[in-house]
Undergrad: 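Pasting a structure below so you can have a look.
A, B, ... follow the sequence lines: proteins, then strands. Residue 1 opens every chain. Computed from heavy atoms alone, side chains included, the values below leave out hydrogens, waters and symmetry copies.
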Number of protein chains: 2
Amino acid sequence: MNSNMVAMGVSELTKIVKELLLAAEVPTDEAAIITDSMIEADLRGISSHGVMRLPIYLKRLKAGSVKSKSETETIVETNNILLLDGKHSMGQVLGVQAMKKAIEKAEKNDVGIVGVKNSHHFGIAAYFSSIALQHDMIGITISNTTPLMPAIGGAEAVVGNNPFSFAIPAMDQKPIIFDMACSVVAMGKIINAQNKGESIPENWGVNHKGLPTSSPEEILSGGFISAVGGPKGFGLALVVDILCGVLLGGAYGKDVKSIYKEISEPNACGHLFIAIKINSFMLVDFFKRTVDQYITQIKSSQKAEGVSEIYLPGELELFKKERLLKEGIMLPKKVYEELLQLFEEYRTTI
Amino acid sequence: MNSNMVAMGVSELTKIVKELLLAAEVPTDEAAIITDSMIEADLRGISSHGVMRLPIYLKRLKAGSVKSKSETETIVETNNILLLDGKHSMGQVLGVQAMKKAIEKAEKNDVGIVGVKNSHHFGIAAYFSSIALQHDMIGITISNTTPLMPAIGGAEAVVGNNPFSFAIPAMDQKPIIFDMACSVVAMGKIINAQNKGESIPENWGVNHKGLPTSSPEEILSGGFISAVGGPKGFGLALVVDILCGVLLGGAYGKDVKSIYKEISEPNACGHLFIAIKINSFMLVDFFKRTVDQYITQIKSSQKAEGVSEIYLPGELELFKKERLLKEGIMLPKKVYEELLQLFEEYRTTI
């Protein structure tokens, strides 16, 4: 057991997170959504989008750069499309509301596309895509983020590592839940390498001159993370920014602000949620059984030397969730202590 | 000038390609589309999908594994969705027809999604996405292909390097035309390295045991190309295969056949074409001007040391097209001679 990590039961952690959000004047139902989304990220092993984000959310709620009680305004609505102004409310709350609307539209008209501008960091994209699964739909979620990556040949961040997520239902197999960011790795991996004094592969990032580097320090002091596959990841990230920023009349590129560096400014990111009704194409059961067959074809394919099992996108995360629901969520000591301290401060003020 | 390359005027090349297709009993209007699509690929510098594909198309037309005169059957049609059985007709013809239908549906109902199953290799995905530009729409094209890449941890091809393309209109700037395959590189690059006796980066592919290799020979003799970004590219390719194969009730995974290895068998790939009407979200001019602003923001961003200009997705391809329209298309001598020989054979038979 790593001594820098502390295990915490899911119900205890849920209680602390929710109470802290309530104390920040987030309404009960909204606090429940935000809490569930963060805990779900931790359970799936995406701790970078889990409860470690709570302290910054609380700071921003206090600063007023994100609304505690969510508001939305409808900008456009048609049979298939809904465009919402999120009025700088919490992204998790807007996201659940928007994906549910996309599902409603798809239920009636085969496909629903809901855009949200003026939103705020929403955690893991897969959380929202996954809602579509219960409705026998394919869920797609994309979002822009504050710029983190330069263009190909650039030495200045111009586009976020904008996530992409697809959720596809299966019958007896686990659903396929795919969630990627458009950078080679998350900034957290570079910080980890620095902490361990390790060098990194040259394709992970560039220094302040835009040149490849194997030094985590060079990336962290004025450098940038790189797009996955160079022009491929950059192009995908750019398309996402245009769909989630430009097309919704919201912020794009540099106008999407960092939630950490600009605490008193709205984040202003945008998201697009798409639900596709499988039943409009074919019988749902036939689709799901065929997905099962494809999964089986892949899992039973020839394995590389030394590999004992092949996993599909999202499968390891769902296994991890099953395990952590029993064992508790492992938090870095620093995050654990920060949460406990925030909780103490809150308890002494009531 | 590389002596292995031969320049050929666009009109002369167009004439030869079209005549050969007509000789293979492809109807005039369909031959025009197929020819234009291949020449367009060559003009944009995507020669792997240009006229070098004609000999295999002709072989397959002769073998009857692809129809010379296209046929389609409507499987499902709603306001937003059309699902066509392409009956193993040429992919280029089906693709243009399908994207036009997607545009019609989007014109009336904001978004059009047209799927085509039982299709055949369609060339460059961007060709179809680009049709949406003239209608002030965003065009999206995806397709599955015969399996080329193993799963993560696999040593057997289970999924194609399935292409993704987006076309986004701009006002005064060139449109953004993004087109990627989900592999790190195309097989052609590995063949090139082998021809030059060069080693390749270890992330380009794996050997027959599924282990990374820097030897082109090991990949070409029983090995495989790798997905870009590992699980990211694999996940994207898998999602595309499910959308273009499973969701359309068509072939997926191993049931999509190689156009080279299985000449007498239908290719049976599937495509999905999506058109999004910008005017349903906002004024088209405002959208296009904002895209221009974003392009300017990126092109004027700080450049990496030694870089003189930053290019957007598709920009270099459009520059190349302008140049080659004047200078002619450069063909490898082998392709040039093969085309001339086919043309001679055809002329002596009439």
Undergrad: Are V239(B) and I138(A) close enough that some pair of their side-chain heavy atoms sits under 4.5 Å apart?
TA: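 No. Closest side-chain heavy atoms not under 4.5 Å.
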Undergrad: If you measure from OH on Y311(B) to CZ on F234(A), what distance do you get to the nearest 0.5 Å?
TA: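 One finds 14.0 Å between OH of Y311(B) and CZ of F234(A).
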Undergrad: Heavy atoms only, distances under 4.5 angstrom: which of I310(A), L247(A), I242(A), I81(A) has the most pairs with chain B? Name it, please.
TA: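 Heavy-atom pair counts peak at L247(A).
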Undergrad: Let's test your reading of the structure: which of E309(B), H208(B), K303(B) forms the most heavy-atom pairs below 4.5 Å with chain A?
TA: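 Option with the top pair count is K303(B).
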Undergrad: Is L312(A) in contact with chain B via its backbone, its side chain, both, or neither, using a 4.5 Å heavy-atom distance?
TA: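 Side chain only.
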Undergrad: Quick check for you: to the nearest 0.5 Å, what is the distance between I276(A) atom CD1 and N80(B) atom CG?
TA: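 Result: 11.0 Å between the selected atoms.
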Undergrad: Which one of V246(B), V158(B), I176(B), V76(B) has the most heavy-atom pairs closer than 4.5 Å to chain A?
TA: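 The candidate making the most pairs under 4.5 Å is V246(B).
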Undergrad: Are more than 12 heavy atoms, taken from residues, nucleotides or ligands other than K299(A), located less than 6.0 Å from that residue's NZ atom?
TA: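 More than 12 heavy atoms, drawn from other residues, nucleotides or ligands, come within 6.0 Å of this atom.
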Undergrad: Not counting sequence neighbours, list each pair that qualifies as a ring pair (Phe, Tyr, Trp, His ring centres under 6.0 Å) and has a residue in residues 271-291 of chain B.
TA: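 Qualifying pairs: F122(B)-H271(B), F128(B)-F273(B), H271(B)-F273(B).
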Undergrad: Sort out for me which of N203(B), D241(B), L243(B) touches chain A most, counting heavy-atom pairs under 4.5 Å.
TA: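 Among the listed options, the one with the most contacts to chain A is D241(B).
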Undergrad: Is it true that, when you exclude K288(A) itself, more than 12 heavy atoms of the residues, nucleotides or ligands shown sit nearer than 6.0 Å to its NZ?
TA: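 Enclosed.
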Undergrad: With a strict 4.5 Å heavy-atom criterion, list every residue of residues 249-257 of chain B that contacts chain A, or say none.
TA: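 Residues of residues 249-257 of chain B touching chain A at under 4.5 Å: G249(B), Y252(B), G253(B), K254(B).
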Undergrad: Under 3.5 Å, is there a donor-acceptor pair between the side chain of K232(B) and the main chain of S183(A)?
TA: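 It does hold such a pair.
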Undergrad: Can you tell if the side chain of V159(B) reaches within under 4.5 Å of the side chain of Y294(A), non-hydrogen atoms only?
TA: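 When only atoms from C-beta onward are counted, Y294(A) and V159(B) do touch, with a gap below 4.5 Å.
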Undergrad: Check G153(A) against V307(B) and note the closest heavy-atom contact, atom names and distance.
TA: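 Scanning both residues completely, I find the closest heavy atoms to be O-CG1, 3.4 Å.
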Undergrad: If every non-hydrogen atom of L211(A) is compared with every non-hydrogen atom of E305(B), which pair is closest and at what distance?
TA: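 Result for this residue pair: CD1-OE1, 3.5 Å.
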Undergrad: Could you report the tightest heavy-atom contact between M282(A) and L248(B), atom names first, then the distance?
TA: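 Closest heavy-atom pair between M282(A) and L248(B): CE-C, 4.1 Å.
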Undergrad: Name the option with the most non-hydrogen atom pairs under 4.5 Å to chain B; the candidates are G245(A), A181(A), G229(A).
TA: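 Highest number of heavy-atom pairs under 4.5 Å: A181(A).
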Undergrad: Give me the one residue out of N109(A), T78(A), N79(A) that meets side chain to side chain donor-acceptor pair (under 3.5 Å) with D110(B).
TA: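 It is T78(A); the other options fail the test.
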Undergrad: Rounded to the nearest 0.5 Å, how far does CD of Q302(A) lie from NZ of K209(B)?
TA: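 It is 11.5 Å, given to the nearest 0.5 Å.
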Undergrad: Could you tell me which of G314(A), A304(A), S301(A), G230(A) has the largest number of non-hydrogen atom pairs under 4.5 Å with chain B?
TA: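 Ranked by contacts with chain B, first place is A304(A).
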Undergrad: Looking at residues at least two apart in the chain, or sitting in another chain, which of them share a side chain to side chain contact (heavy atoms under 4.5 Å, CB included) with D85(A)?
TA: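 Per chain and number, D85(A) pairs via side chain to side chain contact (heavy atoms under 4.5 Å, CB included) with E73(A), I75(A), K87(A), K117(A), N118(A).
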Undergrad: When only pairs under 4.5 Å are counted, which of L238(A), V228(A), V291(A), I152(A) shares the most heavy-atom pairs with chain B?
TA: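 Max contact count across the listed options: L238(A).
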Undergrad: Spell out the residues in residues 161-172 of chain A that have some non-hydrogen atom less than 4.5 Å away from a non-hydrogen atom of chain B, in order of number; otherwise answer 'none'.
TA: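 Within residues 161-172 of chain A, the residues that come under 4.5 Å of chain B (heavy atoms only) are F164(A), F166(A), I168(A).
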